[in-house]
Amino acid sequence: MVRALCATCKVERALIKRPKNYQKLCKVCFIKIFEDEVHHTITSSGLFRRGERIAIGASGGKDSTVLASLLKTLNDRHDYGLNLVLLSIDEGIKGYRDDSLDTVKRNALQYDMPLKIVGYDELYGWTMDQVVATIGKRGNCTYCGVFRRQALDRGAKMLGIQHVVTGHNADDVAETVMMNLLRGDLPRLSRGTSIVTGSQTSEVKRSKPLKYAYEKEIVLYAHHKKLDYFSTECLYSPEAFRGSARSLIKNLEKVRPSAILDIVRSGEDMARLVPGNTTDACHCTGADGPAEEEMTGCGSQNGRSSGSEMARMEAQLVQTGDPKNSGANEVEVYSSGSVVLPMRQSKGKRSAPKKAVAKQTLGKCERCGYMSSQAICKACMLLEDLNKNRPHIEI
Ligand SMILES: Nc1ncnc2c1ncn2[C@@H]1O[C@H](COP(=O)(O)OP(=O)(O)OP(=O)(O)O)[C@@H](O)[C@H]1O
């Protein structure tokens with residue numbers, strides 16, 4: 001079968017069928033278009049200012065590795081004038097985070113960026129292995145999410161940096177929109193769709209430059225740019241509700257590729273209906289906001305288990321290789337028939353309709369002194385519970 005010509009340059013043979021819109025592109029044009037689109041997101045939302053120091057939340061996974069590589073490329077190409085630093089949180093999960101941190105250490109050399117690693121053990125006196133040994137796997141993602149969110153802020157403060165970027169992508173945002181839609185929680189939905197969280201009053205703002213990038217295109221970009229990233233799921237259990245929202249969206253995407261971006265855009269439109277929300281930038285403090293809790297999940301939420309779609313896609317890419325070299329035909333990196341999504345059954349209780357929540361005001365946690373919208377921050381509340389059980393386990 002003769003491969004079609006690239007829809008953009010019309011010279012090279014198409015190698016990639018874009019998951020986003022089925023456009024057939026050659027490798028060079030795909031990479032250029034993907035980079036241009038992220039550049040557009042950054043400039044149109046005025047994400048950075050010249051001279052700004054940016055901490056890239058680096059987990060070693062595909063999203064944050066692509067983010068680091070892309071920001072370096074765009075910073076050089078468009079002269080953003082940014083000072084980029086890698087910031088990694090070591091949750092203390094042996095056989096998972098220690099391996100992914102090795103990847104980040106290599107990335108630091110590859111991209112010539114300084115790397116700061118901050119551990120849960122030094123911040124909280126607990127590793128996630130110890131937390132799971134105490135509370136079991138159920139609910140451990142809540143601890144990890146709350147601790148990581150604060151750890152990223154604290155790591156940034158240690159570096160004297162006020163802006164953290166994370167590798168959250170369009171699929172992540174669509175999942176958050178869907179979850180909050182299903183819960184009937186519009187205020188939380190509104191916070192989850194913002195490209196920037198944290199305001200002038202909060203000490204560290206967070207943003208998602210890959211907000212409009214499809215996860216599948218991130219995998220393709222990483223593959224074709226031959227990026228060095230870590231691809232194993234967390235050893236501890238994923239969050240069931242997010243998994244169900246994800247399956248729902250992936251099934252929609254099969255019949256309507258634009259579904260992911262449509263959900264993101266609908267989320268943005270609905271966010272404008274929330275009283276007090278006038279711009280895309282989130283008005284919550286970002287320190288303790290529930291939407292942030294959801295957006296700072298763990299890699300396992302994205303289901304990279306061997307049976308998952310992303311794992312299949314990665315395996316397929318590795319197997320097929322680059323058709324230019326292997327002589328194979330055009331790579332269709334996805335196919336609606338070939339992907340079987342893991343359906344996780346959620347036994348979650350039906351939650352009562354929620355009232356609109358008032359805007360949060362930033363203060364300081366009475367215990368740790370860290371920024372919080374409540375008297376005692378969530379991390380301290382969780383630590384209190386954990387510490388009650390401390391005598392029962394060996395640390
Ligand atoms: N341990 C960590 N250290 C620093 N940043 C992290 C860490 N874990 C997650 N993040 C940040 O949060 C983002 C979303 O993380 P999450 O694990 O939910 O998604 P992911 O799709 O698996 O991301 P990635 O592919 O980058 O691991 C990551 O892209 C990264 O920027």
Side-chain angles (χ1 to χ4, degrees), residues 31-32 34-39 41-43 45-91 96-120 122-123 148-169 172 195-198 203-211 213 218-219 221-232 295-296 298-299:
I31 289 174
K32 179 74 171 52
F34 184 83
E35 289 169 350
D36 286 350
E37 286 181 359
V38 177
H39 172 62
T41 303
I42 290 170
T43 49
S45 51
L47 223 50
F48 304 128
R49 51 179 174 74
R50 207 174 166 73
E52 199 174 2
R53 291 184 72 214
I54 305 291
I56 302 169
S59 63
K62 62 180 187 327
D63 299 303
S64 48
T65 304
V66 163
L67 181 62
S69 167
L70 249 176
L71 285 186
K72 182 176 174 57
T73 302
L74 297 178
N75 195 30
D76 292 347
R77 182 181 300 159
H78 299 287
D79 192 22
Y80 291 163
L82 300 178
N83 187 337
L84 302 169
V85 177
L86 298 174
L87 171 60
S88 290
I89 308 304
D90 184 356
E91 299 95 342
Y96 170 64
R97 189 53 83 207
D98 41 0
D99 291 343
S100 67
L101 286 179
D102 285 344
T103 311
V104 183
K105 285 173 195 161
R106 290 197 301 276
N107 290 160
L109 298 174
Q110 289 154 357
Y111 306 142
D112 192 22
M113 289 179 196
L115 165 64
K116 169 89 180 160
I117 300 178
V118 183
Y120 281 6
E122 68 183 91
L123 293 179
R148 187 186 300 113
R149 189 173 70 251
Q150 197 189 77
L152 279 170
D153 282 358
R154 289 168 77 161
K157 278 196 83 182
M158 286 176 201
L159 292 164
I161 292 179
Q162 290 174 331
H163 190 165
V164 175
V165 289
T166 57
H168 290 103
N169 56 45
D172 297 326
I195 194 163
V196 178
T197 45
E203 294 169 72
V204 179
K205 77 171 175 182
R206 234 169 289 146
S207 68
K208 311 184 265 278
L210 300 182
K211 179 186 167 187
I218 290 173
V219 174
Y221 183 84
H223 173 76
H224 289 294
K225 288 274 286 189
K226 297 190 170 43
L227 300 186
D228 181 7
Y229 68 95
F230 183 78
S231 180
T232 306
M295 289 306 299
T296 318
C298 57

Can you sort out the partners of Q110 under side chain to side chain contact (heavy atoms under 4.5 Å, CB included), two or more places apart, ordered by chain and number?
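Applying side chain to side chain contact (heavy atoms under 4.5 Å, CB included) to Q110 gives R106, N107, D228.
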Rounded distance (nearest 0.5 Å) linking atom OG of S64 with atom OH of Y229:
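Atom-to-atom, S64:OG and Y229:OH are 11.5 Å apart.
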Say you draw a straight line from CG of D172 to CG of L210; how long is it, rounded to the nearest 0.5 Å?
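If we round to the nearest 0.5 Å, D172:CG and L210:CG are 9.5 Å apart.
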Closest non-hydrogen atom pair between [X] and [Y], with its separation:
X    : Y    : answer
R77  : D36  : NH1-OD1, 4.3 Å
S88  : L115 : OG-CD1, 3.7 Å
E122 : I117 : OE1-O, 4.2 Å
S69  : K225 : OG-CE, 4.4 Å
P209 : I42  : CB-CG1, 4.3 Å

For the side chain of D90 and the backbone of Y120, is there at least one donor-acceptor N/O pair under 3.5 Å apart?
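Checked: no pair found.
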Side chains of [X] and [Y] in contact at under 4.5 Å (non-hydrogen atoms):
X    : Y    : value
R53  : V85  : yes
S45  : V196 : no
D153 : R206 : yes
L123 : I89  : no
V118 : M158 : yes
L70  : F34  : yes

E35 and Y221: side-chain donor and acceptor closer than 3.5 Å?
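There is such a pair between these side chains.
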Check each of L159, I56, V104 against L87 using the side-chain contact (heavy atoms from CB on, under 4.5 Å) test, and report the only one that passes.
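Single pass found, and it is L159.
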Walk me through whether L47 and Y80 qualify under side chain to side chain contact (heavy atoms under 4.5 Å, CB included).
CA-CA 11 Å; L47 223 50; Y80 291 163; over 6 Å; no
Those residues that, when tested against F48, pass ring pair (Phe, Tyr, Trp, His ring centres under 6.0 Å) (two or more places apart):
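Per chain and number, F48 pairs via ring pair (Phe, Tyr, Trp, His ring centres under 6.0 Å) with H163.
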Is it the case that atom CG in D76 sees more than 12 heavy atoms from other parts of the structure closer than 6.0 Å?
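Result for CG/D76: enclosed.
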